[in-house]
Amino acid sequence: MSSTIIITVVSLSLLAFMSAVILYFIAQKFKVFEDPRIDEVQAVLPAANCGGCGFAGCRNFAEALVKAENFDGLLCPVGGAVVMGQAAKLLGKEAPVIEPKVAVLICNGSPEFRPHTSKYDGVPDCRIANTLYIGETDCSYGCLGNNDCERACTFDALHMDPLTGLPVITDDKCTSCGNCVKACPRHIIELRKKARKDRKIYVACSNCDKGGPARRACKVACIACSKCVNVCEFNAITIENNLAYIDASKCTFCRKCVTECPTGSILEINFPPRKPKVEAEAENATINP
Amino acid sequence: MSNLLNVSPSPHEHGQETTRKLMTGVIIALIPAFLASVFYFGYGAIIVTATSVISCMLFEYLIQRFIFKKPVTITDGSAVVTGILLAFNLPSNIPVFIIIIGAFVSIAIAKMTFGGLGNNPFNPALVGRVFMLISFPVQMTSWPVPKGFATGYTDAITGATPLAIVKEGLKNGDTIQQLMAQVPGPAQMFLGKMGGSMGEVAAVALLIGLIYLLVKRIITWHIPVSIIGSMAIFTTILWLINPDKNADPMFHILAGGVLLGAIFMATDYVTSPMNPKTMMIYGCGIGILTVVIRVWGAYPEGVSFAILIMNAFVPLMNAFIKPKRFGEVVKNG
Amino acid sequence: MKTFSTGGVHPPENKLTANCSIQYLPLPQSVAIPVSQHIGTPANIVVNKGDSVKTGQVIAESKGFVSAFIHSSVSGKVNKIDTVIDTSGYRQTAVFIDVEGDEWVDTIDRSEEILTDIKLSSEDIIRKCLQSGIVGMGGATFPSHVKLTVPAGKKCDVLIINGVECEPYLTSDHRLMLERGEEVLIGTTILMKALNVSMALMGIENNKPDAIEHLTRLATGFKGITVYPLKVKYPQGAEKQLIKALINREVPSGRLPLDVNTVVHNVGTAFAVYEAVQKNKPLFERVVTITGKSVAKPGNYVVRTGTPVSKLIDAAGGLPEDTGKIVSGGPMMGKAITNTGVPVVKGTSGIILFPKSESERKSPEPCIRCAKCVSACALNLEPYLLMTLSEKGLFEMAGKERITDCMECGSCSYTCPAGRPLLDYIRLGKATVIKMARERVIKN
């Protein structure tokens with residue numbers, strides 16, 4: 001009886017040892033050299049694997065950083081300046097200047113402003129609705145409300161508001177990875193420069209139709225009346241394709257355009273309330289999330 | 001709001017077929033076999049089937065309700081089908097607690113762990129059956145002799161199945177001719193007068209079910225025909241080589257669970273291949289493996305194992321064997 | 001009896017209007033004529049606001065080879081040039097005309113007489129088709145002159161006339177064959193002459209025995225035209241399936257019927273060609289079926305292009321209370337429209353009003369892998385796989401599985417017992433794969 005046990009133990013140990021030796025030599029023979037710095041760089045990356053940098057995952061981005069001559073065109077939007085600075089230090093390169101950004105929805109067409117004209121009864125997928133037709137409203141540029149952006153967001157920063165049917169972005173959680181921008185088939189999410197206290201002034205409309213049809217489809221559409229262009233002292237506003245656009249790098253947050261806009265398509269967000277005189281107007285124009 | 005027009009992508013017309021209707025069709029097709037088993041094995045058959053169906057539905061309900069926390073879909077009938085098929089693979093005198101364990105394995109392990117209906121790689125009823133066969137070999141192989149409707153649940157006289165008689169006899173050195181005298185003749189086997197699982201004995205009832213399934217277009221002919229055909233060809237070859245040691249093809253097809261397997265188990269939608277060409281290969285695989293297990297294996301019966309083995313190959317076959325596309329340009333000419 | 005071999009489904013036919021003879025729809029007060037009623041480049045508008053136009057006058061000119069002329073369907077004043085939501089589901093540029101009387105361009109022969117003699121040469125016929133704005137009337141609206149122009153190096157030995165009308169509900173082609181049979185056959189002869197072929201086959205499904213009998217009798221008077229009854233099966237009216245059914249040739253994947261030496265035209269197109277060539281009448285009206293289970297007076301109407309659908313619904317007894325969906329085209333491939341202001345265009349073969357009970361989709365259940373979609377696919381694709389691949393964004397793989405072969409007939413979604421939106425995702429995948437391929441071409 002005991003001899004059986006001994007033979008078993010010895011033979012199994014021998015087998016294990018032989019396997020270990022074979023494994024060791026094979027591992028040596030097929031060893032792949034990898035730059036150890038890749039691991040170091042990967043350690044400082046956010047490990048979100050969101051693809052915001054344009055690479056498949058953080059590992060691939062780390063490889064690209066190590067191989068790159070300089071950091072031109074390479075940016076981890078999630079980690080921003082901090083992470084890029086750390087990576088630059090590790091690799092002994094110059095850290096790029098990065099301005100923090102945040103995703104902004106360029107549409108304010110809640111059912112209250114943009115009445116529904118049909119009912120979509122297909123797969124809840126914006127891409128499919130977009131290839132099918134104009135959407136549930138008469139605006140062929142605005143939000144379709146089928147959650148593609150919400151599904152694309154890996155940081156829990158974007159959720160649909162059941163009342164307005166529009167996505168709401170939580171600025172603190174948004175890492176500006178750009179996944180929602182890519183997911184939106186109507187391209188109505190923009191990455192804008194982040195300002196102090198998360199303040200924003202922007203034209204919340206993407207409608208390129210002429211004033212008449214745009215207004216008919218949505219009460220808060222930009223009708224390209226150019227009043228905002230005239231009132232802006234800093235040349236921050238331009239009109240192209242029947243649509244006004246405020247350049248975030250030139251805007252000084254004077255808020256003049258907001259009161260000037262006849263349709264209320266320019267939104268001001270995270271500002272203190274205005275002085276009593278204009279408060280009523282501001283309330284009309286502002287939809288605070 | 002309600003007077004807005006609906007807009008959806010084409011097609012705007014939809015067929016009347018639903019998952020529930022298909023499952024109901026399978027259940028209807030199983031009724032003749034159920035009646036036959038009640039006729040042969042008495043009310044034990046009713047007890048076993050009822051226990052199996054109820055416990056399968058209950059496990060499915062509990063898992064969907066409390067673990068998945070998703071809408072419960074037991075009304076689609078797939079759990080009922082699993083329950084009936086599991087019962088059909090059991091002897092009619094098996095203790096109730098074993099059935100419940102089998103139903104748990106079928107539903108909880110073979111089906112729900114993979115994500116429920118549509119995702120399980122192996123036929124749930126067969127996984128449950130094989131689990132029971134390995135865990136409770138005595139209870140699972142004490143086959144009651146068909147005595148008629150009056151038979152009680154536990155007092156049935158048990159005997160061996162024709163396949164077991166042949167397997168045992170061949171091991172003892174008997175010839176097929178001697179053994180054939182001990183087993184029921186083809187006509188009796190066709191009607192189901194032999195020992196075996198509840199649902200598998202009555203070939204005639206199963207064939208009625210097959211006709212119903214084919215007429216209703218619930219299944220196509222490819223899988224049953226390729227299983228039975230490949231078995232017939234393979235056993236004929238063996239029989240011609242050595243008629244003393246190998247049973248004739250008729251015996252192989254009528255004995256055991258070939259018909260039940262070929263008609264109801266192998267054709268399970270979820271675990272069978274997706275195109276006719278692959279279905280034929282899958283069917284032939286099952287047929288040949290069954291004969292291999294019966295003739296050279298340790299078990300007298302091999303349909304369950306053969307189907308489970310071929311189930312494992314289905315994803316691979318789906319990925320690599322493609323139907324010929326319309327307008328496909330043939331490479332060399 | 002002939003049919004195609006792989007796949008296919010049998011949706012309920014519901015040909016409610018098969019016995020309703022063609023009537024003329026009264027003229028509307030105003031029309032909105034979109035400048036893109038065909039596949040290809042939109043036409044170039046040549047009228048201005050305030051211009052007076054006559055019926056049949058060119059209002060937009062063809063731009064590029066794959067494009068078509070657009071003619072005014074009424075006489076009156078151009079009110080404005082604006083956008084209108086058309087059957088594509090999007091806003092398109094359209095010419096709005098206020099109707100004043102019905103004054104036709106002088107050159108159009110408005111007599112009832114049937115002209116059998118074909119005076120024009122092959123090139124002239126093709127030019128006439130271009131100038132008359134003839135497009136495929138089966139619904140695809142591909143400009144006909146392109147199909148008639150056989151490129152160098154290719155040849156065509158047989159012309160196929162598509163009288164299948166495999167879509168449920170629709171009867172416009174059926175009625176046309178019955179009531180304008182002779183014109184259709186002359187049109188066929190004209191097409192034969194343009195293509196320089198001596199043989200034409202006309203395929204008609206045998207759920208239209210009266211049309212088969214009528215045309216078979218008439219065809220004895222025409223050289224080279226044979227009528228073939230076909231077994232009813234959807235999608236037999238698809239070009240490739242019809243070719244397979246009639247002459248057993250398989251159009252290679254990604255190629256055109258011309259690659260197997262044939263050209264397919266719809267009976268509606270043949271009729272339009274007859275009118276253009278013999279009567280000098282451009283394409284500005286067509287037969288439209290207005291139908292639906294709760295429609296009071298379903299029927300077949302000759303409708304001027306640009307007429308709002310509401311006008312057609314009025315003629316059929318008004319919009320039923322329970323209407324939940326309006327489809328332009330057949331129920332299998334047609335497009336749901338958003339409102340009744342959508343104009344009828346050259347490709348509108350029918351308007352179907354679905355009651356609310358039939359307009360909602362089933363909520364999708366899990367795939368039970370029953371393989372019914374695989375056996376329903378007329379192109380032998382694997383719809384369940386294509387849907388999963390494009391749902392998961394694996395477009396490269398979907399491309400390898402030949403997602404671009406899909407002709408969007410809808411048989412897979414129709415047959416799926418779990419009510420899964422197979423075609424929705426396949427269509428998305430197909431569009432993405434085509435876009436990716438185009439980008440790749442541009443990059444290289």
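Lettering follows sequence order; numbering is per chain, from 1.
Between chain B and the options C/Val251, C/Asp405, C/Thr415, heavy-atom pairs under 4.5 Å are most frequent for C/Val251. With chain B as the partner, the residue from C/Gln241, C/Arg427, C/Lys244, C/Glu321 showing the most heavy-atom pairs under 4.5 Å is C/Arg427. With respect to chain C, the highest number of heavy-atom pairs below 4.5 Å among B/Gly118, B/Gly115, B/Pro9 belongs to B/Pro9. Comparing C/Gly410, C/Pro331, C/Ser413 by heavy-atom pairs within less than 4.5 Å of chain B, the highest count is held by C/Pro331. Between chain C and the options B/Thr271, B/Thr220, B/Asn318, B/Ile219, the largest number of non-hydrogen pairs under 4.5 Å is found for B/Asn318.
Counting only distance, with no hydrogens or angles, the side chain of B/Arg325 and the backbone of C/Asn380 share a donor-acceptor pair below 3.5 Å.
More than 12 non-hydrogen atoms from other residues, nucleotides or ligands lie less than 6.0 angstrom from CE of B/Met317. The local environment of OH in B/Tyr212 is crowded, with over 12 non-hydrogen atoms from other residues, nucleotides or ligands closer than 6.0 Å.
Remark: C/Ile352 CD1 to B/His12 NE2 distance equals 8.0 Å, nearest 0.5 Å. One finds the NZ atom of C/Lys400 at 12.0 Å from the NZ atom of B/Lys322 (value rounded to the nearest 0.5 Å). With values rounded to the nearest 0.5 angstrom, C/Ser375 atom OG is found 7.5 Å from B/Met279 atom CE. The SG atom of C/Cys367 lies 11.5 Å from the OH atom of B/Tyr269; values are rounded to the nearest 0.5 Å. The CG atom of C/Leu381 sits 11.5 Å away from atom CG of B/Asn275, with the distance rounded to the nearest 0.5 Å.
Looking at C/Ser359, the atoms closer than 4.5 Å to chain B (heavy atoms on both sides) sit in the backbone and in the side chain alike. Of the atoms belonging to C/Phe354, it is side-chain heavy atoms, and not backbone ones, that fall under 4.5 Å from chain B. Contact annotation for C/Phe4: neither backbone nor side-chain heavy atoms come within less than 4.5 Å of a heavy atom of chain B. Heavy atoms closer than 4.5 Å to chain B are found nowhere in C/Pro168, neither backbone nor side chain. For chain B, the nearby part of C/Asn339 is the backbone; its heavy atoms alone come within less than 4.5 Å. Only the side chain of C/Leu423 has a heavy atom closer than 4.5 Å to any heavy atom of chain B. For B/Leu22, the part lying near chain C is the side chain, with the backbone staying farther off; criterion is any non-hydrogen pair under 4.5 Å. Looking at C/Arg249, there are no atoms closer than 4.5 Å to chain B (heavy atoms on both sides), in backbone or side chain. Heavy-atom distances place both the backbone and the side chain of C/Glu382 under 4.5 Å from chain B. Proximity to chain B (any heavy atom under 4.5 Å) is restricted, for C/Lys372, to the side chain, taken from C-beta onward.
Here the rule is side-chain hydrogen bond (donor to acceptor under 3.5 Å, both in side chains) with B/Asn6, and of C/Glu360, C/Lys325, C/Lys356, C/Arg361 only C/Glu360 fits it.
The nearest pair of heavy atoms linking B/Leu5 to C/Thr338 is CD1-O, 3.5 Å. Here the closest heavy-atom approach between residue C/Glu250 and residue B/Gly327 is recorded as OE2-N, 2.7 Å. In terms of heavy atoms, C/Glu365 sits closest to B/Thr19 at OE1-OG1, 3.0 Å. Scanning both residues, B/Ser10 and C/Asp424, for their nearest heavy atoms gives O-OD1, 4.1 Å. The two residues B/Pro11 and C/Tyr414 make their nearest non-hydrogen contact at CG-N, 4.2 Å.
Looking at B/His14 and C/Lys362, their side chains never bring a donor and an acceptor atom within 3.5 Å of each other.
By the 4.5 Å heavy-atom criterion applied to side chains, B/Met274 and C/Leu385 are not counted as neighbours.
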